[in-house]
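Scope of the values below: all heavy atoms of this structure, side chains included, with no hydrogens, waters or symmetry mates.
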Amino acid sequence: MEFVSGYRDEFLDFAALLFGWFRKFAAERGAAGASPEGRWRQLEAQIRRLPQDPALWVLHVLPNRSVGISLGQGAEPGPGPGLGAARFLGDEPPLHLRDLSPYVSFVSLEEGEEMEEEQEENGEEESASVEKVDPEDNGEPTPTSRESPQEANPPGETEEAEQEAGGGEGGCREDKAEDEPGPERRKGRRSEAAPLHLSCLLLVTDEHGTILGIDLLMDGTQESAGKGSGTENLAPRAYALLCHSMACPMGSGDPRKPRQLTVGDAQLHRDLESLVPRLGVKLAKTPMRTWGPRPGFTFASLRARTCHVCHRHSFEVKLTPCPQCSAVLYCGETCLRADWRRCPDDVSHRFWCPRLAGFMERARELATLPFTYAAEVTSETFNKEAFLASRGLTRGYWTQLSMLIPGPGTHRHPRGSMPALNLLLSGDPYQLLQGDGPAVMPPVPLDPPRALFGSWQDYYTWRGLSLDSPMAVLLTYPLTVYYVITHLVPQSFPELNIQNKQSLKIHVVEAGKEFDLVMVFWELLVLLPHVALELQFVGDGLPPDSDQQHFTLQRDGPEVSVRPGSGVSARLSSGTKEKGGRRDLQIKVSARPYHLLQGPKPDLVIGFNSGFGLKDTWLSSLPRLQSFRVPAFFTESSEYGCVMDDQTMAVATGGGTSPPRPNPFRSPFRLRAADNCMPPAAPPAPARRRRGEKKPRRGVRRRR
C-alpha cells in the first residue's frame, strides 16, 4: 500500500478533483444534449424532487483575458497532445507541481498580443513568442482540450442545436489526440501552435464557498482572448451546469437543490429567469453585484474522498471504509479484494490491515491539544481556508498554508523561491507571521525561560500567547527543533552534552516548505539565548538561484544592513531589549541532494515530513547521513509513514529507526487524506535514527 497524503501538494489533489468532476460532467452533458427533449424533462422532474439546501447558491461568471495554457508531451518542450488523466489520478501521481512542468505551463496572452502588435508595425511575418510562466505562480493545471466544449441544450432548443451539442465532451479529448500520429502531429508545433485560452469559467458554489460544480469554456486560439467578455450566450451551458451540480454536487453532501440562486452576471441572470424555475428553484430578483454574498466568503479547499484502488471520487461512487480497520476507503468489494490480494504480500491490505487498525486507535490521543479551536481543526470536516480567513490570516506566511487565499493587497512569497530580502530585513522578525488584525506575537519576555518546555501549554504560557492563537501552526517547526535539542538528543545521546554547547550546526534536510517559512526559526534564538545557531537548508527542491546563499540574523539593535556578495547580514529588533549578549542565527542554503553536500559535518540533522520511500535520492542520502555518525531525527505525517521510513532505512543502510513517538509540538491542523481516514498528524512523530556501530565508542546504541 502507498499513501501520499501529507507529501503531495494540496493543489494537485484539488486539480484532480476538478478534473474528475469536469470530465464526468462533460460526458453526461454531451449525452443529455444528444438525447430527446424528454430526457431533459425527466432530469428536471428528478431535481424538483430533491431536498432543499437552506444555503444560498451562487453561479459565478469569471472571464479570463490574460492567461493561456501551453500543453507539452513528456519531457518535450512546447505544445503537445495534452495532459492525460493518469498524470493526476494514475498509480504514480505526481507529488509536486513542478512534476507537471513538462506537460503543462501557463503563458501570458497579453505579452503575446503586445509582441504581435510590435511585429505587425515592423512588417515582420514571424509569429510572436510567449514567455512561459512557472505553473506554481498561476492558476491550477486544469484539464484542457483543443476543442471548445459544446453546449448541452435544455428543452426548447432546436434539434439541430442538440445534435451539435452532442458532438463534444469538453476537456476530454486527450485520448483522441493521442491516437493521432505523434511525431508527424507534433512536427513544428512548438512554433506554430497558439496557446489554449480559457475564455470563461463558470463556477457554482454555496454561500460559504463550497464548490459544487465547474465548467470551462476553452478557445483554441489566442485571438479570441480580447474579444468581449466571453459571457455571451451562456444560458444553455449554465443551465446544464446547474442541473449537474444539483444532481451530483462536487463538494460534500447528497444531491440537493438550493433554496435560492443568485447569478454573477446581469445578462446571464436575465437569460436564466425562464429556465431556473423549471427546477423548483427561486432565482434572486437581481444579479449578484459583489464577489460573495457574505463578507467571510472564501472557497474551501475540497477534500472529496477517493477509492484507494481505482481513484474514483465520492461523487461518482459510494465509498466505504474497510470493515476491519476502518482506515482505507474503497468503492466496493472488487477494489477491496484487489487490494487485499495485492502482491507482494507486504504491500497488500491483508498485511497492513491489523497495523492500520492499531494506528486508528490513537486518533483521539493525537487530536488532544490544549487550544480552544482544537475540536474544529482536528475534525473530519475542517475547512482550513475558512478558518484562516475568519481570523484575518490571509497574508505573509499564512498564505503558505493555503492554496486558495492569495493575501489581498499583500505580496505573496511564491513557494520554492528565495525569500525577498526586503521582507527579511524589515526590522521586525515577526512581520511575516502577522495577520490583518492586531499583533499575533507578543513582545519577547524580558527573562529567558527558566525551565525546558515539553508542551504547547507550557510554551504558550511563558510566551504570553492565548490558547486561542493559531501561531502553533507556524511555530511547530522551530518548536520541534527546540524539543529535539532539549529533550530527545539528551535522552538518546547524553554523551554529546548538547545543551551546554554555545554553538550548533543543524542541517534541515529535504527542506522546501521550511525554507519558505525561514523566519519562524528566529524563535529559536528566543528559546535558546545562549546558543549561536547555524541552520543549513539542504535539498534539490530548493530554488537553484539560492544555492550557496547565506545570511546572518543578529539581535542587537534596530539597524538593518546588507553586505554585498553572497551573504546578507541583518540586525533585527523584536521591540524588547533582552538580557544577554548578541545572538546570531546563520542561514545557509544548498540546493542539492543531501548526499552531494560538501563541508563539515553538523551537530544535528533534522527532516520534516521526510517520506523516505517517495524519493529515490534518499537511498543515497541515508548512507551519507549514517557516515556522519551524528544524531538525526525526522518527523512524519502518520505512523504509517514512520513504518515506511524504517523499511527504506533498512534497504538503504541495513539499519533502522527507533520507535516513533508523538511530537508534543505537532501542528494542530488536520491533514485530511483523500483515500484513507488515518489519524491526523501534520508534522508529528519524530523518529530517531540510531548511530552505526562500525566504530564502537562510548554510548553507542545498536541498530535494529
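Considering only residues two or more places apart in sequence or on other chains, Lys615 meets the salt bridge (charged side-chain N to carboxylate O under 4.0 Å, His left out) condition with Glu510, Asp540. Annotation: side-chain contact (heavy atoms from CB on, under 4.5 Å) contacts of Gln457 (sequence neighbours excluded): Pro370, Ser455, Thr461, Leu467. For His244, the ring pair (Phe, Tyr, Trp, His ring centres under 6.0 Å) partners two or more places apart in sequence, or in a different chain, are Trp21, Phe25. Pro449 is linked by a side-chain contact (heavy atoms from CB on, under 4.5 Å) to Phe453, Trp462, counting only residues two or more places apart in sequence or in another chain. With sequence neighbours excluded, the residues forming a ring pair (Phe, Tyr, Trp, His ring centres under 6.0 Å) with Phe521 are Phe537, listed by chain and number. Checked against salt bridge (charged side-chain N to carboxylate O under 4.0 Å, His left out), Asp53 has the following partners two or more places apart in sequence or in another chain: Arg256. Looking at residues two or more places apart in sequence or on another chain, you find a side-chain contact (heavy atoms from CB on, under 4.5 Å) between Leu533 and Leu504, Ile506, Leu524, Leu525, Val531, Leu585. Thr486 pairs by the side-chain contact (heavy atoms from CB on, under 4.5 Å) definition with Leu452, Tyr482, Gln499, Leu528, not counting sequence neighbours.
Atom OG1 of Thr480 and atom CZ of Phe608 lie 5.5 Å apart (nearest 0.5 Å). The distance from the CG atom of Leu527 to the OH atom of Tyr483 is 14.5 Å, given to the nearest 0.5 Å. Here Ser469 contributes atom OG and Leu474 contributes atom CG; the two are 9.5 Å apart, rounded to the nearest 0.5 Å. Taken to the nearest 0.5 Å, the OG1 atom of Thr476 stands 10.0 Å off from the CD atom of Glu514. The structure places OG1 of Thr262 at 11.0 Å from CD of Glu207, a figure rounded to the nearest 0.5 Å. Atom-to-atom distance recorded for Gln52:CD and Arg259:CZ is 7.5 Å, nearest 0.5 angstrom.
Side chains of Asn663 and Thr635: a donor-acceptor N/O pair is absent below 3.5 angstrom, by distance only.
Applying the salt bridge (charged side-chain N to carboxylate O under 4.0 Å, His left out) test to pairs two or more places apart or on separate chains, those with a residue in residues 462-476 are Arg391-Asp468, Arg463-Glu523. Sorted by first and then second residue, the salt bridge (charged side-chain N to carboxylate O under 4.0 Å, His left out) pairs involving residues 307-319 (not counting sequence neighbours) form an empty list.
When side chains are defined from C-beta on, Leu465 counts as touching Pro442, because their heavy atoms get closer than 4.5 Å. The shortest distance between side-chain heavy atoms of Trp352 and Val643 falls below 4.5 Å. In this structure, the side chains of His60 and Met288 come closer than 4.5 Å at one or more pairs of heavy atoms. Within the 4.5 Å cutoff, side-chain heavy atoms of Glu636 are placed close to those of Ser610. Residues Leu201 and Asn64 are not in side-chain contact: their nearest non-hydrogen atoms beyond the backbone lie 4.5 Å or more apart. Taking the side chain as every heavy atom from C-beta outward, Val508 and Phe515 never approach each other to under 4.5 Å. In this structure the side chain of Leu356 reaches within 4.5 angstrom of the side chain of Met678, judged on heavy atoms. Counting heavy atoms from C-beta on, the side chains of Val204 and Ile211 never come closer than 4.5 Å.
Here the options are Phe669, Phe371, Trp398, the test is ring-ring contact (aromatic ring centres under 6.0 Å, His included), and the partner is Phe387; only Phe669 passes. None of Leu369, Val473, Val377, Leu401 except one satisfies the side chain to side chain contact (heavy atoms under 4.5 Å, CB included) rule with Ser667; the exception is Val473.
Residue Val4 comes nearest to Leu614 through the heavy atom pair CG1-CD2, 4.4 Å, listed as atom of the first residue, atom of the second, then distance. The two residues Gly454 and Pro664 make their nearest non-hydrogen contact at O-CB, 3.4 Å. Across all their heavy atoms, Cys677 and Leu329 have their closest contact at SG-CD2, 3.9 Å. Met250 and Ile214 get closest at one heavy-atom pair: CE-CG2, 3.6 Å. Here the closest non-hydrogen pair linking Pro249 and Pro255 is CD-CA, 3.9 Å. Nearest heavy atom pair, residue Thr394 against residue Thr399, reads O-CG2, 3.6 Å.
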For side chain to side chain contact (heavy atoms under 4.5 Å, CB included), just list the numbers for Leu241 and Leu59, CA-CA rounded to whole Å, side-chain angles, deciding distance to a tenth of an Å, and then say yes or no.
CA-CA 9 Å; Leu241 174 63; Leu59 175 60; 4.3 Å; yes
Kindly indicate, with the supporting measurements, whether the criterion side chain to side chain contact (heavy atoms under 4.5 Å, CB included) is fulfilled by Gln434 and Tyr430.
CA-CA 7 Å; Gln434 181 67 29; Tyr430 301 111; over 6 Å; no
Should Lys257 and Trp57 be marked as a side chain to side chain contact (heavy atoms under 4.5 Å, CB included) after you check the CA-CA gap, both sets of side-chain angles, and the distance that decides it?
CA-CA 9 Å; Lys257 63 182 181 182; Trp57 283 24; over 6 Å; no
Side chain to side chain contact (heavy atoms under 4.5 Å, CB included) assessment of Leu475 paired with Met441
CA-CA 11 Å; Leu475 294 177; Met441 286 297 290; 4.2 Å; yes
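A distance-only check finds no donor-acceptor pair linking the side chain of Tyr477 to the backbone of Lys513 [under 3.5 Å]. Remark: side-chain polar atoms of Asp645 are paired, donor with acceptor, to backbone N or O of Phe612 under 3.5 angstrom.
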Less than 3.5 Å apart, which donor and acceptor atoms pair up between the side chains of residues 358-367 and the rest of the protein, not counting sequence neighbours?
{"from": "Arg362", "atom 1": "NE", "to": "Glu639", "atom 2": "OE1", "distance (Å)": "3.3"}
{"from": "Arg362", "atom 1": "NE", "to": "Glu639", "atom 2": "OE2", "distance (Å)": "2.5"}
{"from": "Arg362", "atom 1": "NH2", "to": "Gly358", "atom 2": "O", "distance (Å)": "3.4"}
{"from": "Arg362", "atom 1": "NH2", "to": "Glu639", "atom 2": "OE1", "distance (Å)": "3.0"}
{"from": "Arg362", "atom 1": "NH2", "to": "Glu639", "atom 2": "OE2", "distance (Å)": "3.2"}

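By the 30° and 60° cut-offs, the orientation of the rings of His313 relative to Phe315 is parallel.
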